[in-house]
Novice: 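Mind having a look at this structure? Questions to follow.
Per chain, numbering begins at 1; letters A, B, ... match sequence-line order.
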2 protein chains.
Amino acid sequence: MKAYKIPEATVMRLSVYSRYLQQLLEEKVETVSSGEIARGVGVSSAQVRKDLAYFGEFGTRGVGYRVEELFGHLMNILGLDQQWNVIIVGAGKLGCALARYQGFRERGFQICAILDNDPAIVGEKVDCLQIESLDKLKKLVHEYDIKVGIVTVPAEAAQDVTDQLIESGVKAILNFSPRVLKVPADVILRNVDLSVNLEVLSFNLTYNG
Amino acid sequence: MKAYKIPEATVMRLSVYSRYLQQLLEEKVETVSSGEIARGVGVSSAQVRKDLAYFGEFGTRGVGYRVEELFGHLMNILGLDQQWNVIIVGAGKLGCALARYQGFRERGFQICAILDNDPAIVGEKVDCLQIESLDKLKKLVHEYDIKVGIVTVPAEAAQDVTDQLIESGVKAILNFSPRVLKVPADVILRNVDLSVNLEVLSFNLTYNG
DNA sequence: GACTGTGAAGCCATTCACAGCT
DNA sequence: AGCTGTGAATGGCTTCACAGTC
């Protein structure tokens, strides 16, 4: 079970498979074939088998996969057999929405704090959380042993906030700001660029539509 | 300028380049080289040139690109020389946050309506918009000539809402629900799966961290 | 001298096809 | 007979390297 060089696309699909299996699990389905998973999530069955093969042999030839077992393996592989504490920097509309988003909690991501540098909103409630001052960043990261940070500040502030997160010891960053961030090699960065997604739609509407 | 088969990755990068150029434009920079763009957005200079080459020859050998001109070309290519009217279905936390997100408006995406099927919240204000009943979908899509829909409903309702959007005439869908959606071949679908993104971080923290 | 545009090479992911189990 | 696991083939994106232009 070595992660020598797993394609990122494979990791993303594993996450999707795991949610599909969770659904099957709730429906009390006991076994599933690669073909069924494939149809369920919209990829090819060979793709499903190849993706799983990076991590071991989880199935039985002639039969398929035991749903509960495969689900367990996938959650393990994804590192979701533990809770991850998460901090959000930027308590604007998006930051607050993410702080309240149930989908994260359901998959083991616990939003422990939401920060902002605007004194006018520090102290306001976001569900059961209270918006904290940016000064508290380092303290909170240590207190909750936070490895994952979410950046939802405006573009101008994004690099500065990112540097502070890394300086505080955060090891992985999910960036929602529309700015390309520089991070050291040992910090993992992912960008979720909302406008880019709409713009790809716009492109396709314009040229294929 | 034919979009025979443009890699999706290229289109996403064009969107990023265009924002970088916008920044340069505001800083009154007149010309820029592929190397500078590359450094600015974190790709290779060959990549920048290849991406642009799909659409024409925009530069001058020995000099580089005129910022304003290239920016114009990119906005054109991306279909952002026009306004796109957008409808959001699902007025939960995320839907409301997206409805208020300024980044969309700045790039020419106008959120014209936000709908929900929960009578308890229909009529509530989201900035200057009012949450409308789902019944009004078709009427609103026609009224505003809407081509783009954003789905921010819970997983269970996602396919149903998607079908209704398509039935109403929407041609492109940005799906934020954690459900794989089926759409006809002539409808463009993109998924923004927030949990998947965190789970890729979790995977990398577990195996490379 | 500097930088673009591009064919060729290299690399990586997906698909194919079949041997190997049950 | 049915389905997994996998080497080989394919296809597609990225990088290289250099000819062409200013």
Novice: Report the residue (G62(B) or T60(A)) whose heavy-atom-nearest nucleotide on DNA chain C is the more 5′ of the two.
Specialist: G62(B)

Novice: Can you check whether Y65(B) has a side-chain N or O nearer than 4.0 Å to OP1 or OP2 of dG5(C)?
Specialist: yes

Novice: Would one find a side-chain N or O of S44(B) under 4.0 angstrom from OP1 or OP2 of dT15(D)?
Specialist: yes

Novice: Using a 3.5 Å distance criterion without hydrogens, assess whether the side chain of S18(A) forms a donor-acceptor pair with backbone atoms of M75(A).
Specialist: no

Novice: Tell me the interatomic distance from L52(A), atom CG, to dC3(D), atom P, rounded to whole angstroms.
Specialist: 16 Å

Novice: When you compare the side chains of S33(B) and E36(B), does any donor N or O come within less than 3.5 Å of an acceptor on the partner?
Specialist: yes

Novice: Using the side-chain heavy atoms of E57(A), tell me which of these nucleotides is nearest: dT14(C), dG5(D), dT15(C).
Specialist: dG5(D)

Novice: How many Å lie between CD on E36(A) and P on dC3(D), as a whole number?
Specialist: 8 Å

Novice: Can you tell me how far CZ of F176(A) sits from OH of Y101(B), rounded to the nearest 0.5 angstrom?
Specialist: 10.0 Å

Novice: Could you tell me how far apart H73(A) (NE2) and dG5(D) (P) are, to the nearest whole angstrom?
Specialist: 11 Å

Novice: Taking CG from L70(B) and P from dC3(C), how many angstroms apart are they, rounded to a whole number?
Specialist: 16 Å

Novice: Tell me the interatomic distance from K5(B), atom NZ, to dC13(D), atom P, rounded to whole angstroms.
Specialist: 6 Å

Novice: When you measure from the side chain of D116(B) to the backbone of D118(B), do you find a donor-acceptor pair of N or O atoms at a distance under 3.5 Å?
Specialist: yes

Novice: Using whole Å, what does the distance between atom C1' of nucleotide dC3(D) and atom CZ of R39(A) come to?
Specialist: 12 Å

Novice: Just how far, in rounded Å, is P of dT22(C) from CZ of R66(A)?
Specialist: 16 Å

Novice: Starting at CD of E69(B) and ending at P of dT4(C), how long is that distance when rounded to a whole Å?
Specialist: 13 Å

Novice: Looking at DNA chain D, which of residues 23-35 of chain A put a heavy atom within less than 4.0 Å of it?
Specialist: S33(A), S34(A)

Novice: Can you tell me how far the CG atom of L194(A) sits from the CZ atom of R107(B), to the nearest 0.5 Å?
Specialist: 13.0 Å

Novice: Determine whether R190(A) and E8(A) satisfy the following criterion, salt bridge (Lys or Arg N to Asp or Glu O under 4.0 Å), listing intermediate values before the conclusion.
Specialist: CA-CA 11 Å; R190(A) 284 188 69 79; E8(A) 178 166 299; 2.8 Å; yes

Novice: Is the side chain of S202(A) donor-acceptor paired with the backbone N or O of L198(A) at a distance under 3.5 Å, no angle test?
Specialist: no

Novice: Taking only N and O in the side chain of Q47(A), is any of them less than 4.0 Å away from OP1 or OP2 of dT15(C)?
Specialist: yes

Novice: What protein N or O atoms touch nucleotides 16-19 of chain D N or O atoms at under 3.5 angstrom, if any, and at what distances?
Specialist:
unit_1: dA17(D); atom_1: N6; unit_2: R49(B); atom_2: NH2; d: 3.4

Novice: If you apply the rule side-chain contact (heavy atoms from CB on, under 4.5 Å), what do you find for R19(A) with R179(B), and how did you get there?
Specialist: CA-CA 9 Å; R19(A) 260 202 321 243; R179(B) 185 58 70 85; over 6 Å; no

Novice: Give, for atom CG of N117(B) and atom CG of L137(B), the distance between the pair rounded to the nearest 0.5 Å.
Specialist: 11.5 Å

